[in-house]
Amino acid sequence: MTRVLSCIQPTGDVHLGNYLGALRNWVAGQHEKDVYHGIVDLHALTVTTQPNVVGEATLSLAAMLFAIGLDPNVATIFVQSHVPEHSQLGWVMECTVSFGELSRMTQFKEKSARREADFVSAGLFTYPALQAADIVLYDADEVPVGDDQRQHIEITRDIAIRFNSRFGDTFVVPAAVTPTAGARVMDLQAPTSKMSKSSDTDSGCVYMLDDPKAIEKKFKRAVTDSEAVVAYDLKEKPGVSNLLDILSAASGTPVATLADQYSQYGPLKSDAASAVISMLEPIQARYHELMDDQAELARLLAVGADRAREQASATLSRAYRAIGLLSN
Ligand code: ATP
Ligand code: LTN
């Protein structure tokens, strides 16, 4: 069966865009392929300076992943730092990639420029080597990623190919695949930009843990236009089209059917809010249940860590043997 791996960083709260655009597809995908999903806390260290923040975000993200329906008995859901082989193989990967190759990574150039006077860790620079380890440790055939991560998959392929040619066939060379298209959710206040946790205000971003009142308020205030005609037109009517897209994704009704059903913005907004609230209700309930039962959450993560380690340790040993490190 095809092995798929995709990871997520525990930074910031999960929002509707992450869910409808990506995470919901992870849930559907777990029954189609052999999937591994890591919460990559060590990657988050590249920009962390405060104690406890990463651990708490990791726990919360884990509860959210289980709450949306990832089944630890079907998918392998693990925390990166619970599988020490990531750091171990990460070093080997660092020694298999060149300074020049890492210097060409767009994400590093952008992130380090944005941090300007801030601390730019060496980890931010070597990050793609750790990501390469994340991927090859699991013999992943496919890595579904957005455009921003394609360069990191390319460098992973280059590293794997270089290692295999130096030390003999050891790693599966992964392919970047375009994830199943999810909904593209736009900011409710600025519908030409994608919904994002880093936008200026929170009022255009619906978080998975927002309470019903907050969700209603955000939809009520959603930016539309002055035409007062409900129609799907991404270019001319981005706000209304976004509401139709969200309502469609949350209710399962096709956009075309919905567009015919509404003639005013008010009902469209309140129905979109209600559909989102009903969709999130069971997820939030399960999330809080898990957060209140940390022992269960720890048990679920241990199941994932055990399965992940079994695979990861076999690959690490294979790599050490290929290099010919002295065994102990
Ligand atoms: P930031 O808010 O800092 O830009 P983000 O919220 O976009 O981050 P990422 O960690 O970059 O989150 O993305 C996680 C996943 O969610 C990715 O697969 C990304 O494509 C998807 N995603 C993020 N925002 C949206 C959105 N508005 N619509 C659809 N998919 C999205
Ligand atoms: N760099 C990715 C997160 C990430 C990842 C991975 C994705 C770390 N390791 C392995 C896919 C496969 C990001 O910032 N979104």
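Computed over heavy atoms, backbone and side chain alike; hydrogens, waters and symmetry mates excluded. Note that ligands are numbered from 1 as they come in the structure, with each ligand's atoms numbered from 1 the same way.
Between R104 and E154 no salt bridge is recorded (no basic side-chain N to carboxylate O distance below 4.0 Å). Between D187 and K194, none of the side-chain N atoms (NZ, or NE/NH1/NH2) sits under 4.0 Å from a carboxylate O, so this pair counts as no salt bridge. Note on E289 versus R286: salt bridge recorded, some NZ/NE/NH1/NH2 to OD/OE distance being below 4.0 Å. One finds no salt bridge joining R299 and D293 here, because no Lys/Arg side-chain nitrogen approaches an Asp/Glu carboxylate oxygen to under 4.0 Å. Note on R309 versus E85: salt bridge recorded, some NZ/NE/NH1/NH2 to OD/OE distance being below 4.0 Å. Under 4.0 Å is where a charged nitrogen must lie from a carboxylate oxygen, and between E216 and K269 no such pair does. Note on D34 versus R3: salt bridge recorded, some NZ/NE/NH1/NH2 to OD/OE distance being below 4.0 Å.
For the pair C205 and H15, the tightest heavy-atom approach, listed with the atom from each and the gap, is SG-CB, 3.6 Å. Among all heavy-atom pairs drawn from P238 and T192, the shortest one is CG-CG2, 4.0 Å.
Near L5, the atoms of ligand 2 lying under 4.0 angstrom from a non-hydrogen atom of the residue are 10 (C), 12 (C). The contact set between ligand 1 and G21, taken as ligand atoms under 4.0 Å from a residue heavy atom, comprises 29 (C), 30 (N). Atoms of ligand 2 found under 4.0 Å from any heavy atom of V143, numbered from 1 in the order shown, are 11 (C), 12 (C). Near V40, the atoms of ligand 2 lying under 4.0 angstrom from a non-hydrogen atom of the residue are 8 (C).
What sits closest to atom 9 (N) of ligand 2 on the protein, heavy atoms only, is D134 OD2, 2.7 Å. Annotation: atom 4 (O) of ligand 1 to nearest protein heavy atom, S196 OG, 3.3 Å. Counting protein heavy atoms only, atom 1 (N) of ligand 2 is closest to Y127 OH, 2.7 Å. Summary of contacts: the protein heavy atom closest to atom 12 (O) of ligand 1 is N18 ND2, 3.2 Å. The shortest contact between atom 27 (N) of ligand 1 and any protein heavy atom is with V185 O, 2.7 Å. The protein non-hydrogen atom at the shortest distance from atom 11 (C) of ligand 2 is C7 N, 3.6 Å. When hydrogens are left out, the protein atom nearest atom 3 (O) of ligand 1 is S198 OG, 3.1 Å; that is the closest non-hydrogen contact. Among all protein heavy atoms, the one lying closest to atom 31 (C) of ligand 1 is G17 O, 3.3 Å. Scanning all protein heavy atoms for the shortest distance to atom 11 (O) of ligand 1 gives K194 NZ, 4.4 Å.
Remark: among candidates Q149, K197, R184, R24, the nearest residue to atom 8 (O) of ligand 1 is K197, based on non-hydrogen atoms. By heavy-atom distance, the residue among H86, H152, Q149 lying nearest atom 15 (N) of ligand 2 is Q149.
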Do V35 and T76 pass the side-chain contact (heavy atoms from CB on, under 4.5 Å) test, and can you show the C-alpha distance, the side-chain angles, and the key distance before you say yes or no?
-> CA-CA 6 Å; V35 304; T76 303; over 6 Å; no

Trace of the side-chain contact (heavy atoms from CB on, under 4.5 Å) decision for D141 with V172 = CA-CA 7 Å; D141 305 295; V172 172; 3.9 Å; yes

Criterion side-chain contact (heavy atoms from CB on, under 4.5 Å) on L89 and V92, from CA distance to verdict = CA-CA 5 Å; L89 193 66; V92 177; 4.1 Å; yes

Check step by step if side-chain contact (heavy atoms from CB on, under 4.5 Å) holds for V40 and I8.
-> CA-CA 6 Å; V40 286; I8 182 165; 5.9 Å; no

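Neither the backbone nor the side chain of P179 has a heavy atom within less than 4.0 Å of ligand 1. Proximity of A22 to ligand 1, defined as any heavy-atom pair under 4.0 Å, is confined to the side chain (atoms from C-beta onward). Residue-level proximity to ligand 1 for Q9 is absent, since no heavy atom of it falls below 4.0 angstrom. With a 4.0 Å heavy-atom cut-off, ligand 2 is reached by no atom of I8.
Aromatic ring centroids of F99 and F125 lie under 6.0 Å apart.
In this structure, A183 has a heavy atom closer than 4.0 Å to ligand 1. Taking 4.0 Å as the cut-off, G146 does not count as a neighbour of ligand 1 on heavy-atom distance. Close to ligand 1: H15, with a non-hydrogen atom less than 4.0 angstrom away.
Protein heavy atoms are absent from the 4.0 Å sphere centred on atom 19 (C) of ligand 1.
An N or O contact shorter than 3.5 Å is missing between M186 and ligand 1 by distance.
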